[in-house]
Engineer: 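The structure's right below; bear with me while I get my questions together.
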Amino acid sequence: KKVLVSIGGQTSDGDWRLIEEHTDGAVDLLTRLVATHKLDGVDLDMESTFHDATVELTNRLADAMPDLIITHAPPWRDVRDRYASAYGSKRPILERTASTSKSSGNNIDWLNVQFYDKGQVADPLAAYESLVSGDAARGRDPVPPGMMALGLMPRSEREVRGTCAPMIRRLARTYPDFAGVFAWRH
């Protein structure tokens, strides 16, 4: 189990603008927060307008905390339409911060894809598998399962056991390099 501090969110557009203006302070604050609380890393939850500040913050955090985890948490449609699509608006972000292994320049350990976001996903398993498969006809590259965690928001222990656990077992059997699960709780 890994514990990360998550910053950003659906209504965080102003936060990213502040981070862009004060990147040094943001890096310092997050580095101290992670160290003080012995956390495993930082999750950047980007659901609103994407800013270059996220690229800068990702790369600067990687320099400041090379052994810690850095993740991005986009909604699944962003991954499908903006990350995986060669024409997507967020494709340059992956090209500037990510590859499939840290040794080759990746500063994102994995994407915590929000398969629950805004009620958009009726079948998180099918949505996950569609991202792994890609869609050449639509210019969508496959997303490696080792770089994509299944983001869920279980509302009860019963939902964890009855719904989430079977999905996790299936993905782990199907994809030996499955990145795992990222669960949000409010």
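Just so it is clear, the structure is predicted and the values come from calculations on it, not from any experiment.
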Engineer: Identify, with sequence neighbours excluded, every residue that meets salt bridge (charged side-chain N to carboxylate O under 4.0 Å, His left out) alongside Asp40.
Structural biologist: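 Listed in chain order: nothing, the list is empty.
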Engineer: Taking side chain as C-beta onward, heavy atoms only, is Phe182 less than 4.5 Å from Val113?
Structural biologist: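 A side-chain contact under 4.5 Å is absent here.
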Engineer: Between Asp43 and His72, what is the shortest heavy-atom contact and its length?
Structural biologist: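 Heavy atoms of Asp43 and His72 come nearest at OD1-C, 3.7 Å.
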Engineer: Taking all non-hydrogen atoms of both residues into account, name the closest pair between Ala179 and Trp110 and its distance.
Structural biologist: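 Smallest interatomic distance, heavy atoms only, reads CB-CB, 4.4 Å.
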Engineer: Give a yes or no on whether the backbone of Ala73 and the side-chain of Gln114 come within a donor-acceptor separation of less than 3.5 Å.
Structural biologist: yes
Engineer: Output a table of donor-acceptor pairs, distance under 3.5 Å, between side-chain atoms of residues 30-38 and any protein atom two or more places apart or on a different chain; print 'none' if there are none.
Structural biologist:
| unit_1 | atom_1 | unit_2 | atom_2 | d |
| --- | --- | --- | --- | --- |
| Thr31 | OG1 | Val27 | O | 2.6 |
| Arg32 | NE | Asp28 | OD2 | 3.1 |
| Arg32 | NH2 | Asp28 | OD2 | 3.3 |
| Thr36 | OG1 | Arg32 | O | 2.8 |

Engineer: Taking a hydrophobic cluster as the set of Ile, Leu, Val, Met, Phe, Trp and Tyr residues connected by side-chain heavy atoms closer than 4.5 Å, whether directly or through intermediates, do Leu29 and Leu44 fall within one such cluster?
Structural biologist: no
Engineer: Looking at side-chain heavy atoms only, is the closest gap between Pro142 and Val132 below 4.5 Å?
Structural biologist: no
Engineer: Could you give the distance from SG (Cys164) to CE (Met153), rounded to the nearest 0.5 Å?
Structural biologist: 11.5 Å
Engineer: Nearest 0.5 Å, please: how far is CG in Leu68 from CG in Leu39?
Structural biologist: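 The CG atom of Leu68 is 9.0 Å from CG of Leu39, to the nearest 0.5 Å.
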Engineer: If you take all heavy atoms of Met167 and Leu150, which pair is closest and at what distance?
Structural biologist: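 Minimum heavy-atom contact is CB-CD2, 4.4 Å.
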Engineer: Please check if the side chain of Asp109 supplies one atom and the backbone of Ile70 the other of a donor-acceptor pair under 3.5 Å.
Structural biologist: yes
Engineer: Do Met65 and Val42 touch side chain to side chain, with heavy atoms closer than 4.5 Å?
Structural biologist: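 The answer is yes, as the side chains (C-beta and beyond) meet within the 4.5 Å cut-off.
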Engineer: I need the full list of side-chain hydrogen bond (donor to acceptor under 3.5 Å, both in side chains) pairs touching residues 165-177, with sequence neighbours left out, sorted by first then second residue.
Structural biologist: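 Sorted pair list: Glu129-Arg170.
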Engineer: Under a plain distance cut-off of 3.5 Å, with no hydrogens placed, do Asn112 and Thr71 share a side-chain donor-acceptor pair?
Structural biologist: yes
